[in-house]
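Chain letters run A, B, ... following the sequence lines, proteins first, then strands; residues in each count from 1.
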Amino acid sequence: MPELPEVETVVRTLNGLIVGKTIRDVQVRLPRIIQKPDDPPLFAAMLQGRTFERVERRGKFIRMLLDGITLVSHLRMEGRYGLYRTGEPEELHTHVVFRFEDDTELRYKDVRQFGTMHLFVRGEEFEQPPLHKLGMEPLDELVFTYRAFRDLMAKRSTRVKPLLLNQEIIVGLGNIYVDEALHRAGIHPEREADSLKPSELKRLHESIVRVLRDAVDAGGSSVKSYVNGQGEMGYFQYSLRVYGRKGEPCQACGASIVKTVVAGRGTHFCPRCQKDKSRR
DNA sequence: TAATGCACCTGTGGGC
DNA sequence: TGCCCACAGGTGCATT
């Protein structure tokens, strides 16, 4: 499940793989992936002859900048990119193929078919869905300050976990890193955001930054199917303290990690380190 | 306006 | 062994 660290790793890998390559043609096998333009042949035609200049990240979205246009790609649950030689056998669930002039090709594979691609005139992507309403970048020190974080949390009565998952507030956090950040901060996932004390908000702010930075340094977490653009796994899954560790002892206190459902999401926490002090 | 619930989709694993 | 079904979760949309 690609969250910010996994997407950042894919972006870094793609920069080394496709920058400078010119597209000969594009094959769309699963039209559903192409959201904009709502016309896969036009999508292919717009990309033909263009050269990849660089690859960037905005939240969990990948921005591929070509001459004059931007391809915005979201991996959702299990999307992945890989560079192959033209003619190499194609794996199952390959939905979009970008063939280059040097007889290599970038393949987009997605078992669950949830991923999306949008094409924009360069610069216009920030004014339209899906990028137009995205929140703060948590690894941007100038943007994600404690003060900005505190002000956003203080006026929300909703539970802290779904709030942190809301990409209009903070981008890049998904189910894994929200559980990890809340555990490191010692905060129960069902606490109302506006009930958090300044000391708790401070810890949570620091935990979000720390867990994301550590995960980026580790190349992301390979939970289930995630690999980077070169088919390599990340290794932050070995540093996860609660996610996927139901029944195991908490590394901090030894209590058994609990799994429950919060806002429809599987949620892992330590009942001793993360006491529920909500008003409910 | 904000919060909540559900659909999308397929592979996996548990239960029978 | 094989079948069935719940579950996994990011996002967008509908509903409350």
- Asp110(A) atom CG is separated from dT10(B) atom C1', nearest whole Å, by 10 Å
- Message: Assess whether a salt bridge exists between Arg107(A) and Glu105(A), defined as any Lys/Arg side-chain N lying under 4.0 Å from an Asp/Glu carboxylate O.
- Response: yes
- Query: Is the shortest side-chain N/O distance from Thr158(A) to OP1 or OP2 of dA2(B) below 4.0 Å?
  - Reply: no
- Side-chain (Lys60(A)) to main-chain (Leu173(A)) donor-acceptor, under 3.5 angstrom: yes
- If you round to the nearest 0.5 Å, how far is CG of Leu182(A) from CD of Glu200(A)? 11.0 Å
- Involving DNA chain C, stems made of at least three consecutive Watson-Crick or G-U pairs, both distances under 3.5 Å: B:2-16 with C:2-16
- Message: Can you confirm if the NZ or CZ of Lys202(A) lies within 45° of the ring axis of Tyr146(A) and under 6.0 Å from the centre of its six-membered ring?
- Response: yes
- Does Arg57(A) pair with Glu137(A) as a salt bridge, N-O distance under 4.0 Å? yes
- Length of the CD-C1' vector between Glu192(A) and dA3(B), whole Å: 13 Å
- Going through the distances and angles, do Asp110(A) and His95(A) end up as a side chain to side chain donor-acceptor pair (under 3.5 Å)? CA-CA 7 Å; Asp110(A) 189 345; His95(A) 302 313; 5.5 Å; no
- Message: I need the CG-C1' distance between Leu163(A) and dA2(B), as an integer number of Å.
- Response: 11 Å
- Task: Could you tell me the separation between the NZ atom of Lys246(A) and the C1' atom of dA8(C), rounded to a whole number of Å?
- Result: 13 Å
- For DNA chain B, whose closest nucleotide is more 5', that of Ala263(A) or that of Val111(A)? Ala263(A)
- Query: What is the nucleic acid contact for Gly266(A), judged by heavy atoms within less than 4.0 Å: base, sugar-phosphate only, or nothing?
  - Reply: sugar-phosphate
- Minimum heavy-atom separation for Cys250(A) to His183(A), with atom names? SG-NE2, 3.4 Å
- Note on the structure: Here the distance between atom P of dT12(B) and atom CE of Met77(A), to the nearest Å, is 14 Å
- Query: Which class fits the ring pair Tyr81(A) and Tyr108(A): parallel under 30°, tilted 30 to 60°, perpendicular over 60°?
  - Reply: tilted
- Task: Could you tell me whether Lys133(A) contacts a base, only the sugar-phosphate backbone, or nothing, with contacts defined as non-hydrogen atoms closer than 4.0 Å?
- Result: nothing
- Query: Which ILVMFWY residues can you reach from Phe120(A) by hopping between side chains whose heavy atoms are under 4.5 Å apart?
  - Reply: Phe61(A), Val72(A), Phe126(A), Leu131(A), Leu134(A), Val171(A)
- Message: In whole Å, I'd like the distance from the CD atom of Gln35(A) to the C1' atom of dG10(C).
- Response: 13 Å
- Task: Let me know the distance between CD of Glu78(A) and C1' of dG11(B), rounded to the nearest Å.
- Result: 7 Å
- For dA3(B), does either OP1 or OP2 sit under 4.0 Å from a side-chain N or O belonging to Arg156(A)? yes
- Item | Any His93(A) side-chain nitrogen or oxygen under 4.0 Å from OP1 or OP2 of dC9(B) | no
- Message: Counting only side-chain nitrogens and oxygens, does Arg32(A) get under 4.0 Å of the OP1 or OP2 atom of dC9(B)?
- Response: yes
- Item | Polar side-chain atom of Gln48(A) near backbone of Ala45(A) as donor-acceptor pair, under 3.5 Å | no
- How long is the line joining CD1 of Ile33(A) and P of dC8(B), in whole Å? 16 Å
Which atom pairs link the protein and nucleotides 11-15 of chain C when you take only N or O atoms and keep those under 3.5 Å?
{"residue": "dT11(C)", "atom": "OP1", "partner": "His74(A)", "partner atom": "NE2", "Å": "2.6"}
{"residue": "dT11(C)", "atom": "OP2", "partner": "Lys60(A)", "partner atom": "NZ", "Å": "3.2"}
{"residue": "dT11(C)", "atom": "O4", "partner": "Arg265(A)", "partner atom": "NH2", "Å": "2.9"}

